[in-house]
Amino acid sequence: MSGVILKGRKIERCPMCGYDKFYLDEERGELICMRCGYVVEESMIDYGREWRIFEDESSSRELIRAGKPVSYSKVDLGLTTSFGRGSDFSKLSPKDREKFAELQRWQQILTSSSERNLKHAIRELNRLSSIFNLSEVIKEEASKLYRQAVEKNLVRGRSVENVVAACIYIASRIHGLPLTLNEIAEVSGLSKKEIGKTFRYLYKQLRLKVPPATARDYIYKFGNQLGLSQKTISKALELLSEAEKQGLTSGKGPTGVAAACLYIASLLTGEKKTQGQVAEVARVTEVTIRNRYKELVSKLGLEEKLRKLESLE
DNA sequence: AAGACGAAAGTGGTTGA
DNA sequence: TCAACAACTTTCGTCTT
């Protein structure tokens, strides 16, 4: 569907990617972008805390405009203070002048090195963003996080690349489009382990509270990457709900669960994908899919259904 | 030849004494 | 802080289509 009325507001385009087709998960009451899988409703209201997406109540044309207060992706927010040569400079004693001059020198050194650092970070951020095709919103979030990390001196001892990667990981989760650590590791050329470590460190030190990525998020994402139809994706979501009810998902890796649900759904709807194909986009091994698959099929009583489908060709 | 299956051994993270 | 533990991976051999 396209052009949706949601809670009295008209939504024409996905605020994430600009696509105009949506998918409605009726059970959850969630509205999902069909291209990028962004959950238009929930996430927007729950986590969009820095700026309001629905800024203008009266105008129906301008509903989807994010009023960004400042661009965090710029090196200088325009707020830098400097030790200037004020008119009072001449009143200082020679000793104080000396001190003052020293402070000026220090400031130059500090700002130029931290700016270099920041430029480096922003270059890396832009590089990864364009590879992942990240929206501006996520980019901004990531740079905001990076700045916070710098302010709290959390970058010391860690590479800029790692911190940027971790920020992107967090930002993508905040906005409901979780990248996996595996994906980021592949693209950035860093190890999953290091990024994970940096992520946990930042997460703690910045006192973030981001809900963990759910299998649901990944089903949308992987489903789209696999080119599966809405029908199959819905089926996978149904399977997931069932599995959750029976407590088959707690403690399991969400990507593995999502992968298995999609695999089974693809068998049930005849839109078959191989374990290998699913494993590839989900960045898990076939073995993991098989383990989840076995559990799900036996506990959800799907054996005969699958057997019937098999004999049917 | 490709896909599915599973055993065995190893890795890294979590948890609880 | 250390050991036990579960989830997941890697590797590899086997079976089916």
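Here is the naming used below: chain letters follow the sequence lines, and residue numbers restart at 1 for every chain. All values below were derived from every heavy atom in this structure, side-chain atoms included, with hydrogens, water molecules and symmetry-related copies excluded. All of these numbers come straight from a predicted model, not from anything done at the bench.
The nearest whole Å value for the distance from the NZ atom in Lys273(A) to the P atom in dA2(B) is 18 Å. Rounded to whole Å, atom C1' of dC8(C) lies 9 Å from atom CG of Asn291(A). Distance, Asn182(A) CG to dA7(C) P: 18 Å, rounded to whole Å. Going from atom CD of Glu286(A) over to atom C1' of dG6(B) covers 12 Å, rounded to whole Å. Separating the CZ atom of Arg292(A) from the P atom of dC5(B) is a distance of 15 Å, rounded to the nearest angstrom. One interatomic measurement links the two molecules: CG of Leu306(A) to P of dA4(B), which rounds to 13 Å at whole-angstrom precision.
More than 12 heavy atoms of other shown residues, nucleotides or ligands fall within 6.0 angstrom of atom CD in Gln225(A).
The phosphate of dA4(B) has OP1 or OP2 within less than 4.0 Å of a side-chain N or O from Lys272(A). Taking only side-chain nitrogens and oxygens, Tyr293(A) never comes nearer than 4.0 Å to OP1 or OP2 of dA4(B).
A salt bridge does not link Glu304(A) with Arg307(A): every distance from a Lys NZ or Arg NE/NH1/NH2 to an Asp or Glu carboxylate oxygen is 4.0 Å or more.
Look at dA4(C): its Watson-Crick or wobble partner, with both distances under 3.5 angstrom, is dT14(B).
Comparing dT10(C), dC8(C), dC5(B) by their nearest atom to the side chain of Arg290(A) picks out dC5(B). For Thr274(A), counting side-chain heavy atoms from C-beta on, the closest listed nucleotide (dG6(B), dC8(C), dG3(B)) is dG3(B). In this structure, the nucleotide among dA7(B), dA4(B), dG13(B) sitting nearest to the side chain of Val287(A) is dA7(B).
Screening Leu179(A), Leu177(A), Leu125(A) for a side chain to side chain contact (heavy atoms under 4.5 Å, CB included) involving Leu134(A) leaves a single residue, Leu179(A).
We find the CZ-OH distance between Arg173(A) and Tyr203(A) to be 6.0 Å, quoted to the nearest 0.5 Å.
Within 4.0 Å of Gly256(A), counting heavy atoms only, lies no atom of the nucleic acid at all. At a threshold of 4.0 angstrom between heavy atoms, the contacts of Thr285(A) include nucleobase atoms, whether or not backbone atoms are also involved.
Looking at which nucleotide of DNA chain B each of Arg200(A) and Gln275(A) is closest to, the 5′-most match is held by Gln275(A).
No side-chain donor from either of Lys197(A) and Asn162(A) sits under 3.5 Å from a side-chain acceptor of the other.
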